[in-house]
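Notes follow once the structure below has been shown.
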Amino acid sequence: MELPKAYDPKAHETEIYKLWESSGAFTPKIERGKKPFVIMMPPPNVTGKLHIGHAMVVTLEDILTRYHRMKGEPTLWLPGTDHAGIATQNVVEKELKKEGESKRDLGREKFVERVWEWKKKYGGEIIRQTRALGASCDWTHERFTLDKGLSEAVDEAFKRLYDKGLIYQGLRTVNWCPHCHSAISDDEVEYKKEKGKFYHIKYGPFTLATARPETKLGDTAVAVHPSDKKYKDMVGKKYKIPGVLGEFEIVVVADNAVDPKFGTGAVKVTPAHSLVDFEIAQRHGVPLKQVIDENGKMMENTGKYAGMTTKETREAVVEDMKKMGLIEKIDESYEHNIGVCYRCSGVIEPIPSKQWFVKMKPLTEKAKEAVKSGKIKILPKRFEKVYFHWLDNIRDWCISRQLWWGHRIPVWYCGEPKTKRMGFAESVAAQLFKGKIKTYRLRDHGFQSGDRVVFEHSGTRRVLGHGVMKEVIKTVVKDLPLEDKGHYATYAKREELIAAFKRHNPEKEIVNDSPAYIYHYEFIPAEKLSRRCGEIIISNEKPEKCPTCGNTELSRDEDVLDTWFSSALWPFSTLGWPSSAKATDGKPTDYEYFYPTTVLETGYDILFFWVAKMIMMGLELTDKPPFETVYLHGLVRDEHNRKMSKSLGNVLDPLEVTEKYGTDAVRMSLVVGATAGNDLAVGESKIKGYRNFSNKIWNISRFVLTNLENPKGKINNLLDEDKKDLERLDEVIEKVTKHLDSFQFSRAGELLYNYIWHEFADIIIEQSKDRLNSNNEKDKRAVQTKLLTILTASLKMLHPFIPFVTETIWQKIPTNMRDSNTLISAKWPGVE
RNA sequence: GGGCGGUUAGCUCAACGGUAGAGCAUUUGGUUUACAUCCAAGGGGUUAAAGGUUCGAAUCCUUUACCGCCCACCA
C-alpha cells in the first residue's frame, strides 16, 4: 500500500468525479415497481457564480441522493439553472452600461441575444462549480427554465389557467419599480425602515398627516373609521379641498382599514399610488387619479410639477403648502417603512397599470389542505404556520413584467397592442360584468356603429353591440371633464351604468355587484383599429388569423412572465409535462415515473416565492402535490453569526475554500450544526477542522489497509471484545440510518465524526496494535477482519457526506475485499 | 401591530424530565513506525431573570428582559 501520509484533495477530486460520471451512476434506471427517489435541484440564477449557500444546497441534496442511491432506490437528482428575469436583465444592462451602451440602443432582439451570451458563459460556470462540489446529479436531465420544453410548459400552464378564469388581465394599482421599469409582485417588495419627515396638513375640514405630501395631487377621498363619531356626519359627502394646484374634490368614505386612534383618525386616500388606498377606493367606488408615471415622475396633469421626480415634488409641494399656510406642523424624525425592489433596492412607486394576474384565492384551499393532511410535510414544522398565514392573506399575483428577458406572455391581440391603461369601454364593461373582458374596441371619442365589446362570463361569450355601448358611454360621459390631452380621469356612476345597460338588455342579468370606479383611458385613433376586432388569443405561436374577424395582423403582448411563474412549474416542467404526460410506447415517461418528486430542499427564504407557488401550481395543473417533504435549510453566516456581505469582507467563497481545504471539508462544515430552518455559522477554522477529519479517515484507512494480509475468506474466531465492537458498529449504522431518514443530517454527521475518530481510531485501532503485532495468526486475522468491516461500513456511511476521500480510499481497497467497484454504487450497510 | 425563533464554557453549538457535553480557543505534557492535519491530561458554566408544576427542570407552564427573523403597513 503506497499512500502518502496526508490526503491531498486536489490530487483526486477531478479524477474521482470523472469515475462516477463515466460509471453512469448519476443516471437512474427506470425500474417498475420500485419507488424512485427524486429531488429537483433549486435552479441557481444565471446571474453569476455560486455562493456558499449554493454549496449548502448541493451538499444536503447530494447527501440525500447518495444515501438513497446506496439504498438501491432509482434516484434522480435533476440539476438546472434559472433565467432569473429581472436579476439577469439588470446584470447584463449594467454590463452594457460599462460599454456605454443601453438596452434601448440594442433593441429587444439584440439585447436578448446578448443575455443569451451571458447565460452561456455563466450558466456553464455554475455547472462547473456544481460539479466541483461533487454533486451526483443527473446531467443528462439538466434543464434551463427557458428550454423549449419548459417554455411549452409555461405556455400550457398559462393557457389552462386562463381558460379556467384563474389568469386575468386587469388595471390595478401595482407595485412598480421605476428603476427596473416593471411591475413586481407583492412578494418582491421588501420593506426598509427609514427616518423621514411627517407632515401634518390642513385638508379642508380635516387635519391629517402624511409622509408623502406629493401624493396629495392624486387624492380623491378621505377615509375614516365607520364607528368614528367625529366624522359621522361627513361620510358620503363631498368636499372641496384647497391644494397647491387649486381646489380639488374629495369624497368622505368610512372604511374599517382606518385606525380611528391614529392621528386625527382621518386618512387621505390616493388610490392610484397606494395599494391599500386602491382597495379602499374599490370598496367605495372612489375615483382614481394618477399623477406619477412609470418613470417615477410627475405627469402632465400636475401642472408646474410635471416632469419632476417624486422627491423633488415633495419638497416643492411642501414649500408651496407652507406659503399657503396649509402645513400645521412637521415631525422631523418619523420612522416609517418604505417599499423597495428586492432586485435593485430602488424605491417602489405604486401606480395603476394594466397587468396580468393569477387569481390566488381559488388555489389556496387545496394548497392548505395538502399540508394540513400531511400529504406534504414541511420541515421544520413551524414553517407550516408561516405558510398558512401567507395563504390566508394572499393577494392576486401579478405575473407580467415589462422586461425583455423571460418567457413572453403567450397572448396575441387582434387590434391595438396592449396599452398600459385600460380602455374606457372595457372599464365600463368590467364594471358591469364579473369575468374577463376579452377585448375592446374604441373609435375616437366614443362608440360608433360596428364597434363592440367582447367579454366572457362563466364560460359564455357575449358581445356588447355598439348600441348598448353608445348608450352606456353617453350616459356616463355626459358630465365628464373631457380634455384634449392624453389621458383622463373619469368617474362612472354605477347606477347610471347599470340603468343604461338594463334598458337595452332587459333580459340579461348584471353579475358584478362591485361599485364602479374610475379608470384612466386613452383614445385610440380609429385607423389603428380598422378591420380589427380586438380579440385576445392565447397561443404560443403566432395565429394565422384572428378567429373572430379574420384579421391577419396580430400583435403579441410585449411583456414577459415573472420568473417565479416558470419556477412554480419546475417539478414537472423539467420532466416533460405536459407533452410527455402520457406514455406512447408502453414505457413509462419520465413524468409518469419520477413525478411527483420526493423531497424539495431549499432555503426558508424562498418559501413564498417558490415553494408555496409550486404547491399551488402542482395541485392545480397536475392534480398532485409536487413533493412529499419540504426541507428548509437556513442561511449560512460567518463564524460570528453575522450575515455574509461584501462590505463586511466576511464572504466565504466556496471555490476558494474547496481549493484550500478540499471539497469534503467544506461539505462537512455545511452539514454539521445545520438544522432545519436554522442559520449556520461557518468560518475557516470549522472547515479546517473537517479537513483534519478527512485526513484522519485517510490515515485510518492507511493503517487498516497496510495491515491487511491473507485477506481471503471470512474468519470467525472473534473475541468477545471484537463482537462488542461489531455490535457497536451495528448500533451506529442503525442510528445514522435513522437520522438520515428523518433529515437529521447534522446528527448523522456528528455521530460519524465522533464514532470514527474517538471510538474507531482512538480506541479500537489503538487496542488492535498489540494483537496485530503478535504471532497468533488466527487472532491477527480476526482483528484484521474486524477493522476492515468497520472501515468499509464507515466509508459507506461517510460517503454521502464526504464523497471524494471515501471513494478515493475505496479505490485502494483490493477488489476481493469490497462489494462494489465504486463506493457511489455500493450498498448502504444493512441493505441487501 | 401580529407571528416565529433564540438567550447553555471565551466563540459556535449539542443535550428535549433523571448527576451539564462537543468542536474551536486556552493550559500542561508528549519525536509511542496510521495520522503533529496527531496523541494524552487539565482549567473553564447558580443553563438570561423571576415565579410555578414535579421526588427531580437547561428541558414543561407563566411572566419579564434582551437579540434575531418573518408578515402587516399607522395615512
Side-chain angles (χ1 to χ4, degrees), chain A residues 1 3-8 186-187 189-191 193 198-201 203 206 208-213 215-216 219 222-224 255 257-270 274-277 280 334-339 380-390 392-394 604-605 607-608 634-635 637-643 661-662 665 669 672-675 677-707 746-747 750-751 753-754 757-758 761-762 765-766 768-769 772-773 787:
Chain A
M1 206 53 50
L3 294 177
K5 274 194 176 183
Y7 171 66
D8 177 10
D186 295 343
D187 292 328
V189 181
E190 283 176 356
Y191 290 91
K193 272 194 183 139
F198 198 47
Y199 306 88
H200 298 254
I201 56 179
Y203 204 87
F206 305 92
L208 37 78
T210 180
R212 300 193 62 190
T215 62
K216 187 182 174 192
D219 286 358
V222 165
V224 297
D255 196 281
V258 180
D259 178 359
K261 287 186 222 97
F262 186 87
T264 55
V267 190
K268 67 189 207 62
V269 178
T270 322
S274 155
L275 299 210
V276 175
D277 290 4
I280 293 176
Y334 174 72
E335 199 170 76
H336 64 127
N337 284 328
I338 51 163
K381 205 171 162 45
R382 67 183 139 95
F383 278 98
E384 290 185 357
K385 231 177 163 175
V386 181
Y387 170 80
F388 291 136
H389 182 261
W390 183 78
D392 285 336
N393 294 289
I394 203 163
Y604 63 73
D605 53 330
L607 179 62
F608 306 143
L635 268 44
R637 293 164 168 275
D638 82 353
E639 53 203 320
H640 301 296
N641 237 332
R642 294 175 306 179
K643 214 170 177 173
Y661 299 107
S669 310
V672 177
T675 50
N678 294 319
D679 295 351
L680 177 73
V682 179
E684 265 200 61
S685 70
K686 185 175 183 185
I687 300 172
K688 208 166 155 185
Y690 289 109
R691 189 268 318 261
N692 297 354
F693 180 54
S694 300
N695 193 241
K696 189 74 186 176
I697 297 157
W698 180 258
N699 280 295
I700 287 171
S701 309
R702 257 184 0 124
F703 178 82
V704 173
L705 296 179
T706 45
N707 277 294
S746 178
R747 286 188 132 190
E750 222 181 326
L751 173 58
Y753 178 91
N754 285 318
W757 200 317
H758 301 302
D762 290 354
I765 288 184
E766 286 308 318
S768 72
K769 284 181 178 171
L772 287 170
N773 288 331
L787 293 181

Does A:Asn678 offer a backbone N or O that forms a donor-acceptor pair with the side chain of A:Thr675 under 3.5 Å?
-> no
Watson-Crick or G-U wobble partner for B:C74, using a 3.5 Å limit on both distances?
-> none
Would you mind classifying the nucleic acid contact of A:His200 as base, sugar-phosphate or nothing, using non-hydrogen atoms under 4.0 angstrom?
-> nothing
Indicate, with a heavy-atom threshold strictly under 4.0 Å, whether A:Leu275 touches base, sugar-phosphate, or nothing.
-> nothing
Using the C1' atom on both, measure B:U31 against B:C24 and round to a whole Å.
-> 26 Å
Within 45° of the ring axis of A:Phe703 and under 6.0 Å from its six-membered ring centre, is that where the NZ or CZ of A:Lys769 lies?
-> yes
Any donor and acceptor pair, going by atom type alone, linking the side chain of A:Ser274 with main-chain N or O of A:Thr270 inside 3.5 Å?
-> no
Is a side-chain N or O of A:Asp638 found less than 3.5 angstrom from the main chain of A:Gly683, in a donor-acceptor match?
-> no
Between A:Asp679 and A:Asp762, name the one whose nearest nucleotide on RNA chain B is closer to the 5' end.
-> A:Asp679
Using whole Å, report how far NE2 of A:His389 lies from C1' of B:C4.
-> 11 Å
NA contact type, A:Lys5, heavy-atom cut-off 4.0 Å: base, sugar-phosphate, or nothing?
-> sugar-phosphate
Per the O4'-C1'-N9-C4 / O4'-C1'-N1-C2 angle with a 90° window around 0, B:C16 comes out syn
Looking at the side chain of A:Val276, which of B:C74, B:U37, B:A72 is the nearest nucleotide?
-> B:C74
Residues at least two apart in sequence or cross-chain that pass side-chain contact (heavy atoms from CB on, under 4.5 Å) with A:Val672, listed by chain then number, are A:Met668, A:Tyr690, A:Ser746, A:Glu750
Same-atom distance (P) from B:A48 to B:C11, integer angstrom | 14 Å
Please state the C1' separation for the pair B:A57 and B:A50 - nearest whole angstrom.
-> 15 Å
Remember a base hit wins even if backbone is also touched, and classify A:Ala761 as base, sugar-phosphate or nothing at under 4.0 Å, heavy atoms.
-> base
Quick one: does A:Asn695 reach the base of B:C35 with a side-chain donor-acceptor pair under 3.5 Å?
-> no
What is the nucleic acid contact for A:Arg212, judged by heavy atoms within less than 4.0 Å: base, sugar-phosphate only, or nothing?
-> nothing
Looking at the side chain of A:Ala6, which of B:U37, B:A34, B:C70 is the nearest nucleotide?
-> B:U37
Between A:Ser685 and A:Pro260, which is nearer to the 5' end of RNA chain B once each is assigned its nearest nucleotide?
-> A:Ser685
Sugar-phosphate, base or nothing in reach of A:Lys769, heavy atoms under 4.0 Å = base
For B:C35, give its Watson-Crick or G-U wobble partner with both distances under 3.5 Å, or none.
-> none
Indicate, yes or no, whether a donor-acceptor pair under 3.5 Å links the base of B:C24 to the side chain of A:Lys686.
-> no
Whom does B:G10 pair with, Watson-Crick or G-U wobble, provided both distances fall under 3.5 Å?
-> B:C24
Contact class for A:Asp605 (heavy atom, under 4.0 Å): base, sugar-phosphate, or nothing?
-> nothing
Testing B:A14, B:C70, B:G23 for proximity to the side chain of A:Tyr753, the answer is B:G23
A:Ala681 side-chain proximity, nearest of B:C70, B:C13, B:C74 = B:C13
Nearest listed nucleotide, side chain of A:Phe262, among B:C74, B:C38, B:A34 = B:C74
Which of the following nucleotides, B:A34, B:G5, B:C38, is nearest to the side chain of A:Asn692?
-> B:C38
B:G51 pairs with which nucleotide, Watson-Crick or G-U wobble, both distances below 3.5 Å?
-> B:C61
From the list B:C73, B:C16, B:C39, which nucleotide is the closest neighbour of the side chain of A:Trp757?
-> B:C39
Expressed in angstrom and rounded to an integer, what is the separation of A:Glu335 atom CD from B:G1 atom P?
-> 13 Å
Among the candidates B:C35, B:C38, B:C73, find the nucleotide nearest to the side-chain atoms of A:Asn699.
-> B:C35
Selected nucleotide, minimal atom distance to A:Phe608 side chain, candidates B:C70, B:U12, B:A34 = B:C70
For the side chain of A:Trp698 and the backbone of A:Asp8, is there at least one donor-acceptor N/O pair under 3.5 Å apart?
-> no
Send over the distance from A:Asp255 CG to B:C74 P, rounded to a whole Å.
-> 11 Å
Choose from B:A34, B:U37, B:G5 the nucleotide whose nearest atom is closest to any side-chain atom of A:Ile700.
-> B:A34
Does the side chain of A:Glu639 reach to within under 4.5 Å of the side chain of A:Glu684, using non-hydrogen atoms?
-> no
Would you say the side chain of A:Glu766 and the base of B:A40 hold a donor-acceptor pair, judged only by whether the two atoms sit under 3.5 Å apart?
-> no
